[in-house]
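First up is the structure itself, then whatever we jot down about it.
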Amino acid sequence: MIVQRILTTVATTLCIALAARAADGSPAYNFLNITPSPKIYALGGVNISAVDADLLATEQNPALLGQEYNNRLGISYMRYIADSNLASIAYSHSAGSRGAWSASVRYFGYGTIDRTDVSGNTTGTFSPKDLAIGAMYSHDITDMLRGGIAIKGLYSSYDSYSAFALATDIGINYYDPDRDLSLSAAVVNLGGQIKRFDNSYDRLPVDVRLGWTQSFPGLPVRFSITAWNLTKWKLPYYETGDGSDGQKPQLKSGFGSNLFRHLVFAADLVPSEKYYICLGYNYKTRTDMSTYSRNFLSGFSLGAGLDIGGWGVGLAFAQPHSGATTFMVSLSADLDKIIRN
């Protein structure tokens, strides 16, 4: 009966998400699509089925949270494109015999921007920022099936304008430890603005996502495929070629192009519980940067992590554009293990 109620809720929410996205031309709050987890960032930026990534990775899918994250703390920082800075902190704890909860704060600062009047005269500076404060709960429905829900309060301040929104994520995960198989589904960023910047209403980037992660006998590698942006099939883009004079941009909207812009591929080398190395490829990121300034690394991401004595460090690197190199670093702590040691 509990499983039936969970699946009914997921199906209903999927319908709501599809309807919301159909009317959504240009959603705001796209900072929500930037993960605070170095491992997820290295796995292509989107992954809802990596069951043992880290506490910060649970923001991808609340069903990834569980009692294995009892009394955990995670902190991350990323120097993003231009002068943008992203910082996150999260804490989690078990709840009863089959549940877990967490609380988190995510900060997004976009550097200092000149303030100008209608004539173009500089009148000062301002620092736009976004803040996401979240709470999450998960519950083990069976030994292999887990569901979760997250609530997020979103505050934005851009000069003299401010806005507040509420959003929710729901997810479900099936994990078979004998086959090391993880299957997930999630609906993220359902909600809306409570306080607007002005008279216009900004929609949240509602999305439906599916994920598969699995290793195979004899290989210390987990492979992942994540499907996202599933509320909209067509994701066209313009290919500008090498920037030669007179070369016209070409619209790319064929079946293969649309298919691969929905998929993120990743491999996670885990020869030991103490460290990992991972690689991701996000075709949408690469094609979004389709100008001639794109380089070979666009769309690829790389990361590594180390866990010793309850302390963990994670690093991730990506260069989506030739002029934009991004680094992310995290520190995690298993407080129970540290206290015992």
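- Hydrophobic clustering places L183 together with F216 (ILVMFWY residues linked when any side-chain heavy atoms are closer than 4.5 Å, directly or through intermediates).
- Here Y281 and F265 keep their ring centres 6.0 angstrom or further from each other.
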Exercise for review: Apply salt bridge (charged side-chain N to carboxylate O under 4.0 Å, His left out) to the pair R115 and D159, showing each step before the final yes or no.
Suggested key: CA-CA 8 Å; R115 182 191 298 113; D159 198 11; 2.8 Å; yes

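- Note that OG of S301 is 6.5 Å distant from CG of L279, once rounded to the nearest 0.5 Å.
- The residues R222 and D180 are annotated as salt-bridged, a charged nitrogen and a carboxylate oxygen being separated by less than 4.0 angstrom.
- Between H93 and W101, the angle of the ring planes stays under 30°, which puts this pair in the parallel group of the 30/60° scheme.
- A salt bridge does not link D54 to R72: none of the charged side-chain nitrogens sits closer than 4.0 Å to a carboxylate oxygen.
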Practice item. Please report the C-alpha distance between T35 and Q60 in whole Å, then the side-chain angles of each, then the deciding distance to 0.1 Å, and finally whether the side chain to side chain contact (heavy atoms under 4.5 Å, CB included) criterion is met. Key: CA-CA 7 Å; T35 177; Q60 292 279 294; 3.8 Å; yes

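- Side-chain contact check for D130 and Y107: no donor-acceptor pair (N or O, by modelled atom type) lies under 3.5 Å.
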**Study point:** Stepwise side chain to side chain contact (heavy atoms under 4.5 Å, CB included) check, N189 with N33
**Key:** CA-CA 9 Å; N189 304 323; N33 289 326; 4.1 Å; yes

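- Between H262 and W233, the two ring planes are parallel [angle under 30°; tilted spans 30° to 60°].
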Check your understanding: Under the side chain to side chain contact (heavy atoms under 4.5 Å, CB included) criterion, do V187 and D207 qualify, and how do the steps go?
Key -> CA-CA 6 Å; V187 183; D207 195 13; over 6 Å; no

Check your understanding: Given the rule in the ring-ring contact (aromatic ring centres under 6.0 Å, His included) test, do Y158 and F197 qualify, once you have shown the distances and angles that lead to the verdict?
Key -> CA-CA 9 Å; Y158 304 156; F197 285 111; 5.0 Å; yes

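- Using a 4.0 Å cut-off between charged side-chain N and carboxylate O, E59 and R106 make a salt bridge.
- Between F164 and Y155, a ring centre-to-centre spacing not shorter than 6.0 Å is recorded.
- Applying the 6.0 Å contact sphere to NZ of K195 captures more than 12 heavy atoms from other residues, nucleotides or ligands.
- The pair E68-R146 meets the salt-bridge criterion, since a charged nitrogen lies less than 4.0 angstrom from a carboxylate oxygen.
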